[in-house]
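Okay, so here's the structure we're looking at.
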Amino acid sequence: MTEPIQDRLVTVRRSFHRHPEPAWREYLTTARLVEEIRTIGVDELAVGPDAYDPADRMAVPDADLEPWVERARERGADEALLERMTGGNTGAVAVLERGEGPTIGLRVDIDGLFIEESTDPDHDPVDEGFRSEIEGTMHACGHDVHMTWGLAVLEAIAESDFAGRLVVFFQPAEETGGGGCPMAKSEFADDLDYLLAVHVGLDHPTGEVIAGIEKPLAMCHVDVTIEGTSAHAGKAPNEGANAMHAMGAGIVNAYGIPRHSDGMTRVNVGKAEAGTASNVIAERAHMEAEARGETTELMEYMKRRLERTMRSAAKMHGCRADVEVVSESPRADSDPELQALVGEVAGGVAGIDHVVPAADFGASEDATFLMERVQEDGGLATYMIVGTDHPTSHHTPTFDVDERSLQHGVDVLVGTIRELEARHPVPQVDTGDATPADDASAEAGE
């Protein structure tokens, strides 16, 4: 008989940590999730294209999938599951049907990052033998913790006398903003009364819980390819159309896009490459950029300006720009009703000594697709943070977590689900003319 997940939280988390897989390549990760879910026993389990419409995915890689399939196969992934995930259709949704009661969703993300994990002997995963086994890839944002929470919560609710419906979304491709949209458009997001999303750390220490985030930035990832004409840089530079020069002008001008008076806006070019040799006018350039905004509308403003800037720069240098929006996500704020309930539950959890009612997020998350879907359908949603002491920032080679936070997260989530069951329907609060973010910031004393 398999030992309960709640008795092996550290072991499960470390197993996922050893095998990080980036967006839409989470083959072994999904297979291992399915294995655990089948052991738990659920009423419905959908994998890959059974969990969402593949056409709704964003930021799907054009190539580089097969090596990840083969790696998963070599490590024992079920062949039938690999077949079902063909084309990068990873991730899963697990459902418990337990009679009359509320329908509650829990969203956790499952992908890793293209980061080489530290080999420093003082780095705990090195010292304790669970460093990433896949070179160049790492769970540097805590998604290994999130998956462990999802499984442990599913198990705890399955073993309880819970009455209602629990839907756990094991979502792929969060880091690229590609997986939230298909999950939100799926049938499994229909008629959710409540949605809980959760993240570990984010500069909050062990023992602290943020009951709900506000002001996540709406975001879009944009790829730009500029096509020009090559020529000899010494003999006939006038015969070329310099894609590199066009890209450089576009980058400079992108940072000059006027900020908007309605709120915070961001733009960044994170990757740029062009050219083949010092004596050749570059005929092709490629860059990866992003735009963000305090609201979805402000993000759209920045996105339009970024697209126009890149096309204009290309045209000015006799080139052509192809601009592709690879992925995007909206802003969605946590509902104060759920923030209050989560805060109440967290305050009674052993090891939690500080509960913050709400905090500004300041980053982006595609869980907002699910939050927005639930809220538009009349339900309530919150995105909570369970603190953990992490030695360095997220997305760095030495990121790690305090594993005491594993139990904290399980207890807060399970407690919240049971309270939602007991109190359903949770009455909604009339926030008047103020936005939920304004109310939450005032409550938090910000």
Side-chain angles (χ1 to χ4, degrees), residues 22-25 55 57-67 87-88 113-116 136 173 175-178 181 217-260 264-293 296-329 364 366 395:
W24 301 123
R25 303 167 181 87
R57 296 178 300 160
M58 295 187 287
V60 182
D62 295 328
D64 189 37
L65 294 177
E66 193 55 37
L113 285 152
F114 283 115
I115 293 176
E116 180 76 18
E175 295 292 356
T176 60
C181 178
L217 300 179
M219 173 278 306
C220 68
H221 291 297
V222 178
D223 282 2
V224 180
T225 301
I226 298 176
E227 300 287 349
T229 305
S230 65
H232 193 291
K235 184 179 180 180
N238 54 294
E239 294 179 5
N242 196 325
M244 185 183 297
H245 196 178
M247 180 176 69
I251 292 171
V252 171
N253 292 337
Y255 286 106
I257 295 173
R259 300 305 181 255
H260 203 289
M264 186 191 308
T265 55
R266 297 280 190 271
V267 67
N268 186 59
V269 179
K271 180 179 179 181
E273 52 191 7
T276 57
S278 64
N279 61 350
V280 178
I281 299 297
E283 67 177 344
R284 189 177 187 276
H286 179 78
M287 53 172 274
E288 297 176 10
E290 66 170 30
R292 304 182 192 236
T296 304
E297 293 74 21
L298 286 170
M299 181 273 287
E300 291 289 341
Y301 159 79
M302 291 299 289
K303 180 175 70 175
R304 289 192 303 269
R305 288 296 185 100
L306 178 61
E307 291 175 331
R308 187 177 73 183
T309 296
M310 291 304 164
R311 290 196 173 96
S312 297
K315 184 176 181 181
M316 180 173 63
H317 290 277
C319 302
R320 181 182 63 84
D322 178 46
V323 182
E324 178 187 7
V325 178
V326 177
S327 64
E328 55 189 334
S329 58
S364 303
D366 70 350
H395 294 206

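The minimum heavy-atom distance between V60 and G87, with the atom names listed, is CG1-O, 4.4 Å. What you find for R284 and H286 is that their closest heavy atoms are NH1-CB, 4.2 Å. Closest approach of A272 to I251, counting heavy atoms only: CB-CD1, 4.0 Å. Considering every non-hydrogen atom in both A274 and M244, the closest pair reads O-CE, 3.4 Å. In terms of heavy-atom proximity, A243 sits nearest to G228 at CB-N, 4.1 Å. M219 approaches S364 most closely through the heavy-atom pair CB-OG, 3.3 Å.
I226 contributes atom CD1, which lies 11.0 Å from atom CZ of R311 (distance to the nearest 0.5 angstrom). Between the CD atom of E227 and the CD atom of E283 there is a distance of 7.5 Å, given to the nearest 0.5 Å. For the atom pair CG (N242) and CD1 (I281), the distance works out to 5.0 Å, reported to the nearest 0.5 Å. For the atom pair CG (N268) and CE (M302), the distance works out to 10.5 Å, reported to the nearest 0.5 Å. To the nearest 0.5 angstrom, W24 atom CH2 is 13.5 Å from E175 atom CD. Note: L298 CG to L217 CG = 10.0 Å, rounded to the nearest 0.5 Å.
Contact annotation: the side chain of C319 never approaches that of H245 to less than 4.5 Å [non-hydrogen atoms, C-beta and beyond]. Under the 4.5 Å side-chain criterion, counting only non-hydrogen atoms from C-beta, R292 is not in contact with M299. A heavy-atom distance below 4.5 Å is found between the side chains of E288 and D223. Residues E307 and V325 meet the side-chain proximity criterion, which asks for heavy atoms closer than 4.5 Å. Considering only heavy atoms from C-beta on, L306 comes within 4.5 Å of I257 through its side chain. In this structure the side chain of H395 reaches within 4.5 angstrom of the side chain of I115, judged on heavy atoms. Two residues are said to be in side-chain contact when any heavy atoms from C-beta on lie closer than 4.5 Å; L65 and R25 meet this criterion.
Heavy atoms from other residues, nucleotides or ligands lying under 6.0 Å from NE2 of H317 number more than 12.
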Could you go through V267 and R259, starting from their C-alpha distance and side-chain angles, then the distance that decides it, and tell me whether this counts as side-chain contact (heavy atoms from CB on, under 4.5 Å)?
CA-CA 10 Å; V267 67; R259 300 305 181 255; 3.7 Å; yes
Step-by-step side-chain contact (heavy atoms from CB on, under 4.5 Å) determination, M310 to M247
CA-CA 7 Å; M310 291 304 164; M247 180 176 69; over 6 Å; no
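In this structure, S327 contributes its side chain and M58 its backbone to no donor-acceptor pair below 3.5 Å.
One finds a salt bridge joining E300 and K303 here, because a Lys/Arg side-chain nitrogen approaches an Asp/Glu carboxylate oxygen to under 4.0 Å.
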